[in-house]
Amino acid sequence: MYARGRCWSPPKTGAYAEYIERHFIPGYRNIEGVQERLDALDAAGLIHHPTTGVWPGLKRYAAADRGNPPQSLVLEPTGFTNFNKGSEWVGYPTQKPLALLERIIKASSNPGDLVLDPFCGCATALVAAEKLDRQWAGIDLSPKAKDLVELRLRNDLGLFGLQTTYREDVPQRTDLGQVPSYRTQKHTLFGKQEGLCAGCGIMFPFRNFTIDHIVPQSRGGTDHLENLQLLCGACNSLKGDRPQEYLVARLKEMAI
């Protein structure tokens, strides 16, 4: 077909050969000869003949390439990258681009679904969810976040009069029902931990243990068995009314 000889081989197998067969040449992959496949491709208009004297080439369509799904995402705050800073930036240190949140929500939910952002910050995820016809709920610890959420919902979405709730007390769950006093769980915990302290990991007699709340009651921890553990006297004193993460970190510092 070409006086210059063979410079590339027409595909016979693989994703692009399947695409050609499905969209342009029925039975294409059953064509045996190279010359016959070239003729079929040329007849279907899939070979580009340049006028500048370079080699003819096979036309390739982007739609045939399924690509690879993203393996990981690196989310940089909007302020650090100056991404669209003029229109989106509200001064929140961990703000993300709206387009990025829209892409994530589209990929992981359908219209009408509920989107929960437990660290909603300046409400970018909430704005994206509203624009994409999702229900949404946002939570954040920062007092500044309350003002920013109201500001963005009003300015970006036109939601006037929408009031957010800000609380300084520790919310209490009301859906857990009645549970027995945590003091009655000592034998159960002793068996569950096999006599080992949940802090230092050393085995102690039953009488040396104290029942401890993993999440302190002062921070909303309940008396449910899943939130209880046994600590030796030393670990219990070291932990105090702080969460378990504090105890683990202190024990590592002390090389225990």
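All residue numbers in this chain count up from 1 along the given sequence.
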Distance-only polar pair, side chains of His213 and Asp223, donor-acceptor under 3.5 Å: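 Side-chain D/A pair, His213 to Asp223: present.
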Minimum side-chain heavy-atom gap [X]-[Y] below 4.5 Å:
X	Y	answer
Leu251	Leu238	yes
Leu231	Leu247	yes
Leu58	Leu41	yes
His187	Lys192	no
Val215	Pro243	no
Pro111	Leu132	no

Measuring from [X]:[atom1] to [Y]:[atom2], what's the distance to the nearest 0.5 Å?
X	Y	atom1	atom2	result
Ile214	Glu245	CD1	CD	9.5 Å
Asn236	Thr210	CG	OG1	5.0 Å
Leu101	Leu126	CG	CG	9.0 Å
Leu151	Asp156	CG	CG	7.5 Å
Gln217	Asn227	CD	CG	8.5 Å
Ile202	Cys235	CD1	SG	7.5 Å

Exam field: side chain [X] to backbone [Y], donor-acceptor pair closer than 3.5 Å:
X	Y	answer
Ser237	Ala234	no
Glu18	Thr13	no
Glu36	Ile31	no
Lys59	Gly45	yes
Asp140	Gly121	yes

CA sep, side-chain torsions, deciding dist, call: Gln229, Ile211, side-chain contact (heavy atoms from CB on, under 4.5 Å): CA-CA 6 Å; Gln229 62 184 357; Ile211 300 179; over 6 Å; no
Do Tyr28 and Ile47 belong to the same hydrophobic cluster, where Ile, Leu, Val, Met, Phe, Trp and Tyr are linked whenever their side-chain heavy atoms lie under 4.5 Å apart, directly or via other members?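 Result: yes, single cluster for both.
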Do Met254 and Val248 share a hydrophobic cluster (ILVMFWY, side-chain heavy atoms under 4.5 Å, transitive)?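 Not linked; separate clusters.
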Greater than 12 external heavy atoms within 6.0 Å of [X]'s [atom1]:
X	atom1	result
Tyr246	OH	yes
Leu114	CG	yes
Lys106	NZ	no

Nearest non-hydrogen partners of [X] and [Y], listed with the distance:
X	Y	result
Ile105	Ala125	CD1-O, 3.7 Å
Cys120	Val149	SG-CG2, 4.0 Å
Val34	Pro10	CG1-CD, 3.7 Å
Cys197	Phe209	CA-CE2, 3.6 Å
Leu230	Gln193	N-OE1, 2.7 Å
Arg37	Ser9	NH2-OG, 4.4 Å

Salt bridge (charged side-chain N to carboxylate O under 4.0 Å, His left out) involving Glu32 - partner list, sequence neighbours excluded: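 Glu32 satisfies salt bridge (charged side-chain N to carboxylate O under 4.0 Å, His left out) with Lys12 once adjacent residues are dropped.
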Running the 4.5 Å side-chain criterion over Ile, Leu, Val, Met, Phe, Trp and Tyr, what cluster does Leu196 land in, apart from itself?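 Its cluster mates, by chain and number, are Met203.
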Remaining members of the apolar cluster that contains Ile139, side-chain heavy atoms under 4.5 Å: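 Grouped by the 4.5 Å side-chain rule, Leu116 form the rest of the cluster around Ile139.
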Are the aromatic rings of His224 and Tyr182 close, with centres under 6.0 Å apart?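 That pair fails the under 6.0 Å test.
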Is the Phe190-Phe204 ring centre distance short of 6.0 angstrom?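 Distance test on ring centres: not under 6.0 Å, no.
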Could you give me the CA-CA distance, side-chain angles and deciding distance for Glu150 and Arg154, then say whether salt bridge (charged side-chain N to carboxylate O under 4.0 Å, His left out) is met? CA-CA 6 Å; Glu150 293 180 350; Arg154 181 174 66 250; 5.5 Å; no
Would you mind listing every side chain to side chain donor-acceptor pair (under 3.5 Å) that reaches into residues 119-138, with sequence neighbours excluded?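 As it turns out, the side chain to side chain donor-acceptor pair (under 3.5 Å) pairs with a partner in residues 119-138, which skip direct neighbours, are Ser109-Arg134, Thr124-Arg152, Glu130-Trp136.
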Any residue meeting side-chain hydrogen bond (donor to acceptor under 3.5 Å, both in side chains) with Gln185, in chain and number order, not counting sequence neighbours: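 side-chain hydrogen bond (donor to acceptor under 3.5 Å, both in side chains) list for Gln185, sorted by chain: empty.
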Residues in side-chain hydrogen bond (donor to acceptor under 3.5 Å, both in side chains) contact with Glu102, at least two apart in sequence or another chain: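 Residues passing side-chain hydrogen bond (donor to acceptor under 3.5 Å, both in side chains) with Glu102: none at all.
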Go through it in stages, so that I can follow the logic: the residues are Val179 and Leu225, the test is side-chain contact (heavy atoms from CB on, under 4.5 Å), and I'd like the CA-CA distance, side-chain angles, deciding distance and then a yes or no. CA-CA 9 Å; Val179 294; Leu225 186 62; over 6 Å; no
Any chance you could lay out the side-chain contact (heavy atoms from CB on, under 4.5 Å) test for Leu98 and Val127, step after step, and finish with the verdict? CA-CA 8 Å; Leu98 180 61; Val127 172; 4.1 Å; yes
Classify the angle between the aromatic ring planes of Tyr19 and Tyr16 as parallel (below 30°), tilted (30 to 60°) or perpendicular (above 60°).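 The rings of Tyr19 and Tyr16 lie parallel, inter-plane angle below 30°.
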